Amino acid sequence: MKTVANIFWMIFGGLLNSLLWALLGCLWYITIIGIPLGKQCFKFARLTLAPFGKEVTYEGGAVSTVANVFWIVLTGIPMALENAACGLTLCATIIGIPLGLQYFKIAKFAFAPFGMEVK
């Protein structure tokens, strides 16, 4: 069932969202200081390509908290709002609710990704 859901996900915006995360990761990799932020963007690109069947857990500490502060200021707020808006739009329809819930999962992860692991 998760394979079918992931196919629908890719058709209804998941592929585009994944490509946008990969583009953002490439932009962060241009600077030396942005490489850790770029790594997180590529983690998002993998997650947003096929989110059904994956769990996100938090395993961070103090270093993750400091890194998340920089992420929130530089990237986290706009990306979390974009994913939350997509989730609200999809939840407006009955058939889009499962897809919208995945966007909410990604929005929570997009706000503060350091210390979170995708399993």
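Quantities reported herein were computed from a predicted structural model and do not represent experimental measurements.
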Return all side-chain donor-acceptor pairs below 3.5 angstrom for residues 78-89, not counting sequence neighbours, or 'none' if the list is empty.
unit_1: Asn83; atom_1: OD1; unit_2: Asn17; atom_2: ND2; d: 3.0
unit_1: Asn83; atom_1: ND2; unit_2: Met79; atom_2: O; d: 2.9
unit_1: Thr89; atom_1: OG1; unit_2: Ala85; atom_2: O; d: 2.8

Can you establish whether the number of heavy atoms outside [X] located under 6.0 Å from its atom [atom1] is more than 12?
{"X": "Phe70", "atom1": "CZ", "answer": "no"}
{"X": "Lys39", "atom1": "NZ", "answer": "no"}
{"X": "Tyr58", "atom1": "OH", "answer": "yes"}
{"X": "Glu55", "atom1": "CD", "answer": "no"}
{"X": "Lys54", "atom1": "NZ", "answer": "yes"}
{"X": "Ile95", "atom1": "CD1", "answer": "no"}

Scan Ile33, Leu23, Thr75 and name whichever one has a side chain to side chain contact (heavy atoms under 4.5 Å, CB included) with Trp28.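 The option that passes is Thr75.
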
side-chain contact (heavy atoms from CB on, under 4.5 Å) evaluation trace for Ile77 with Phe111: CA-CA 6 Å; Ile77 293 173; Phe111 188 70; 4.0 Å; yes

Value rounded to 0.5 Å, distance of SG in Cys41 from CH2 in Trp71: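 The distance works out to 3.5 Å.
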
Interatomic distance, Asn6 atom CG to Ile11 atom CD1 [nearest 0.5 angstrom]: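 Rounded to the nearest 0.5 Å, the CG-CD1 separation comes to 11.0 Å.
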
Start with the C-alpha distance between Leu15 and Leu49, add both sets of side-chain angles, then the distance that settles side-chain contact (heavy atoms from CB on, under 4.5 Å), and finish with yes or no. CA-CA 6 Å; Leu15 185 62; Leu49 192 58; 3.8 Å; yes

Do any N or O atoms from the side chain of Trp21 and from the backbone of Gln40 form a donor-acceptor pair under 3.5 angstrom?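 Pair absent, no side-chain N/O of Trp21 close to backbone of Gln40.
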
Under the 3.5 angstrom rule, does the side chain of Lys105 hit a backbone N or O of Val56 as a donor-acceptor pair?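 Not confirmed, Lys105 side chain does not pair with Val56 backbone.
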
Partner of Phe109 under ring-ring contact (aromatic ring centres under 6.0 Å, His included), chosen from Phe104, Phe114, Phe44: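 Per the ring-ring contact (aromatic ring centres under 6.0 Å, His included) rule, the option paired with Phe109 is Phe44, out of Phe104, Phe114, Phe44.
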
